[in-house]
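Below is one structure, written out as structure tokens, with a few remarks after it.
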2 protein chains.
Amino acid sequence: MGKRAAQPRESVWLSPRPARKHRAGESELDREKIVATAVRVLDAEGDAKFSMRLLAEELHVTPMSVYWYVANKDDLLELALDAVAGEIELPSLDDGEDWRADLRALARAWRRTMIAHPWAIRCYGEYLNIGPSSVRFTECAQAVMARSPLPLKDRSAALNVVFQYVYGFTATESRWLEHLAETGRTAEEFAAEVTGSMAALSPALEQGGLLDRDGDRSMEELRDRDFDRGLHWLFTGMVAGTP
Amino acid sequence: MGKRAAQPRESVWLSPRPARKHRAGESELDREKIVATAVRVLDAEGDAKFSMRLLAEELHVTPMSVYWYVANKDDLLELALDAVAGEIELPSLDDGEDWRADLRALARAWRRTMIAHPWAIRCYGEYLNIGPSSVRFTECAQAVMARSPLPLKDRSAALNVVFQYVYGFTATESRWLEHLAETGRTAEEFAAEVTGSMAALSPALEQGGLLDRDGDRSMEELRDRDFDRGLHWLFTGMVAGTP
DNA sequence: ACCTGAACACCGTTCAAGT
DNA sequence: ACCTGAACACCGTTCAAGT
């Protein structure tokens, strides 16, 4: 991931390579199948272990066969990312909901999908992400913003701010969850360890209570609450206007 | 970067390995010098080209010598990240400034440093980032929040939300800047290309005006303005309270 | 205590050759 | 039109050996 080549690479979407199709067949190779398998392998093994060679093995094919359908690994990951973006559930826009409710639904759906495919949010940071499914998502978001009271010229900037927050929140959360999975610790154990390690460097931080929260809610509930809170603050601020 | 090993790795900071020091010497190897050189190579070559072998070459030493001082590449990157975190300019806290002004200054300083070391923000996403300099930063942020009107128990969550936004904004921005540098295009050319490519998939988006902004300000000014705006909205929302 | 060389088990990708 | 095998130029890291 993110290993940018020495010479720059054009996005698959900017200069699309033809998705070559074979003659007849059924269980034969084609780009769609390759991308679907890549997503499956990425989900199962993570992007650290994912390789063209492993993918080829899964396809029962030589590594180099894959290169007939995709130009290189980066292109493949960009295609895989857009495939996953296609899973994001878009809210229906004519349900009479407030624009904020719809935007929140959109943000939640994005987060849910990214948490389900932790490798995807790392791709999201690397690539332009302007494939068809991402565009469909952006279209929906723009339509929601169009119902906001914001002046027309501020809408896209506002939308960007919202999704920069969503991206930052989800990336952090996803990393945290992966750490837990890797080390096999519970969220509480891990939080205690991190706090302890920071407190060793700075006694001030312990009493600052970086990590203690209302005790009787699960970590997951707290994350959901914090996520929604950030959105709520942004919406409030946006409506209040900018000086 | 981000290639997580098959078996989980403990953070350098959670179980610190001793920074071995050699006997006398002057231009000899030691952990400090290794980390400083790593930062220099990362700045010059980017994290894609950075390797233990390249670093060793720069140090005029065998690749394996480095492993006497750091356990592995991930540890080294975590150390490099904290070194860079040490460059962040913290605002002085007794200048009678509003807490929002100080928090904004902190966010701006963080962003400035990360933009100056594009590889660093990718590390930031990967590692726990609880080294001494990061802790120092968090300490400062907590001290600023302590002057906010927010209820004590909400302060750390609010701080997290702010820096999740800052992280998302800066990561996106940094990626954008790298794309420009790689392809040698101007910001305007690149924006036009991306918009065009999206519009090809969705005519609705073009008239939606995803990317057109007040024409007479530079892209850089616009980014600064948008960054501050998001912060302002969050502050406004935070003060208005959560339902 | 520190540094080396050789080797292992991987990568992504090129290229010429097969069918 | 599609797929292969061999090879190239890399990785991070282990391990036994040197000083």
Side-chain angles (χ1 to χ4, degrees), chain A residues 1-10 12 17-34 37-38 41-42 45-80 126, chain B residues 1-10 12 17-34 37-38 41-42 45-80 126:
Chain A
M1 185 98 0
K3 296 249 171 179
R4 262 166 346 296
Q7 63 263 32
R9 181 191 68 95
E10 286 292 305
V12 225
R17 287 136 191 94
R20 329 231 191 173
K21 258 288 177 70
H22 58 94
R23 43 237 159 179
E26 34 192 34
S27 75
E28 301 294 332
L29 222 49
D30 76 28
R31 189 189 268 192
E32 208 175 325
K33 189 182 174 187
I34 287 173
T37 308
V41 175
L42 282 160
E45 309 289 340
D47 49 297
K49 283 188 69 178
F50 178 80
S51 73
M52 296 303 268
R53 289 167 137 106
L54 178 62
L55 173 64
E57 205 173 305
E58 203 70 19
L59 289 164
H60 305 109
V61 108
T62 283
M64 285 316 298
S65 308
V66 179
Y67 284 88
W68 183 257
Y69 301 93
V70 289
N72 50 45
K73 194 186 181 183
D74 275 323
D75 270 21
L76 177 56
L77 286 172
E78 220 170 326
L79 291 164
E126 289 308 324
Chain B
M1 186 99 359
K3 297 248 172 183
R4 262 166 347 296
Q7 63 264 32
R9 181 191 67 96
E10 286 291 307
V12 226
R17 287 138 192 91
R20 329 231 193 175
K21 258 289 178 66
H22 58 96
R23 43 237 160 181
E26 35 194 31
S27 75
E28 301 294 332
L29 222 49
D30 76 29
R31 188 189 270 192
E32 209 175 324
K33 188 183 175 187
I34 287 174
T37 309
V41 175
L42 281 162
E45 308 289 339
D47 49 299
K49 282 188 70 180
F50 178 80
S51 72
M52 296 304 268
R53 287 167 138 105
L54 179 62
L55 172 66
E57 206 172 305
E58 204 71 19
L59 289 163
H60 304 108
V61 107
T62 283
M64 286 316 299
S65 308
V66 179
Y67 284 88
W68 184 257
Y69 300 93
V70 290
N72 50 47
K73 194 185 181 185
D74 275 323
D75 270 21
L76 177 56
L77 286 172
E78 219 170 327
L79 291 164
E126 289 307 323

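The basis for the numbers below is simple: all heavy atoms, side chains too, and nothing from hydrogens, waters or symmetry mates. Letters go in sequence order (proteins before strands), and every chain restarts at 1.
The NZ atom of B:Lys33 sits 7.5 Å away from the CD atom of B:Glu28 when rounded to the nearest 0.5 Å. Here the straight-line distance linking atom CG of B:Leu55 with atom CD of B:Glu45 works out to 11.5 Å at 0.5 Å rounding. Interatomic distance, CZ of A:Arg53 versus OG1 of A:Thr62, reported as 10.5 Å (0.5 Å rounding).
In this entry the distance linking CZ of B:Arg53 with C1' of D:dT13 reads 9 Å, nearest Å. Atoms CZ (A:Phe50) and C1' (C:dG12) sit 12 Å apart, rounded to a whole Å. The distance from atom CG of B:Asp74 to atom C1' of D:dG12 is 10 Å, rounded to the nearest whole Å. Note: CZ (B:Arg31) to P (C:dA1) measures 17 Å, nearest angstrom. Going from atom CG of B:Asn72 over to atom P of D:dC11 covers 17 Å, rounded to whole Å. Atom pair B:Met52:CE and D:dC10:C1' shows a separation of 16 Å (rounding to whole Å applied). Atom P of nucleotide D:dC2 and atom NZ of A:Lys33 are separated by 15 Å, given to the nearest angstrom. Distance, B:Asp30 CG to C:dA1 C1': 14 Å, rounded to whole Å.
In the set C:dG12, D:dC11, C:dC3, the nucleotide with an atom closest to the side chain of B:Leu29 is C:dC3. Considering only side-chain atoms of A:Tyr69, the nucleotide from C:dC2, C:dC11, D:dC3 that sits closest is D:dC3. Side-chain atoms of A:Ser51 lie closest to C:dC11 of the nucleotides C:dC11, C:dC3, D:dC11.
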Under the side chain to side chain contact (heavy atoms under 4.5 Å, CB included) rule, what do B:Val70 and B:Val12 come out as? Steps first, then yes or no, please.
CA-CA 9 Å; B:Val70 290; B:Val12 226; over 6 Å; no
Does B:Trp68 form a side chain to side chain contact (heavy atoms under 4.5 Å, CB included) with B:Leu29? I'd like the steps, not just the answer.
CA-CA 10 Å; B:Trp68 184 257; B:Leu29 222 49; over 6 Å; no
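Under a 3.5 Å cut-off, the side chain of A:Arg31 and the backbone N or O of A:Tyr69 do form a donor-acceptor pair. Under a 3.5 Å cut-off, the side chain of A:Ser51 and the backbone N or O of A:Leu54 do form a donor-acceptor pair.
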Reading DNA chain D 5' to 3', what string of ( ), [ ], | and . shows its pairs, if Watson-Crick and G-U wobble pairs count only when both distances fall under 3.5 Å?
||.|||||...|||||.||
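Of all heavy-atom pairs between B:Phe50 and B:Leu76, the closest is CZ-CD2, 4.1 Å.
Distance noted for atom C1' between C:dC2 and D:dA16: 15 Å (whole Å).
In this structure, A:Asp75 and A:Arg9 have side chains that are in contact, with non-hydrogen atoms separated by less than 4.5 Å.
The stretch residues 59-68 of chain B touches DNA chain C through B:Val61, B:Thr62, B:Met64, B:Ser65, B:Trp68, each having a heavy atom under 4.0 angstrom from the strand.
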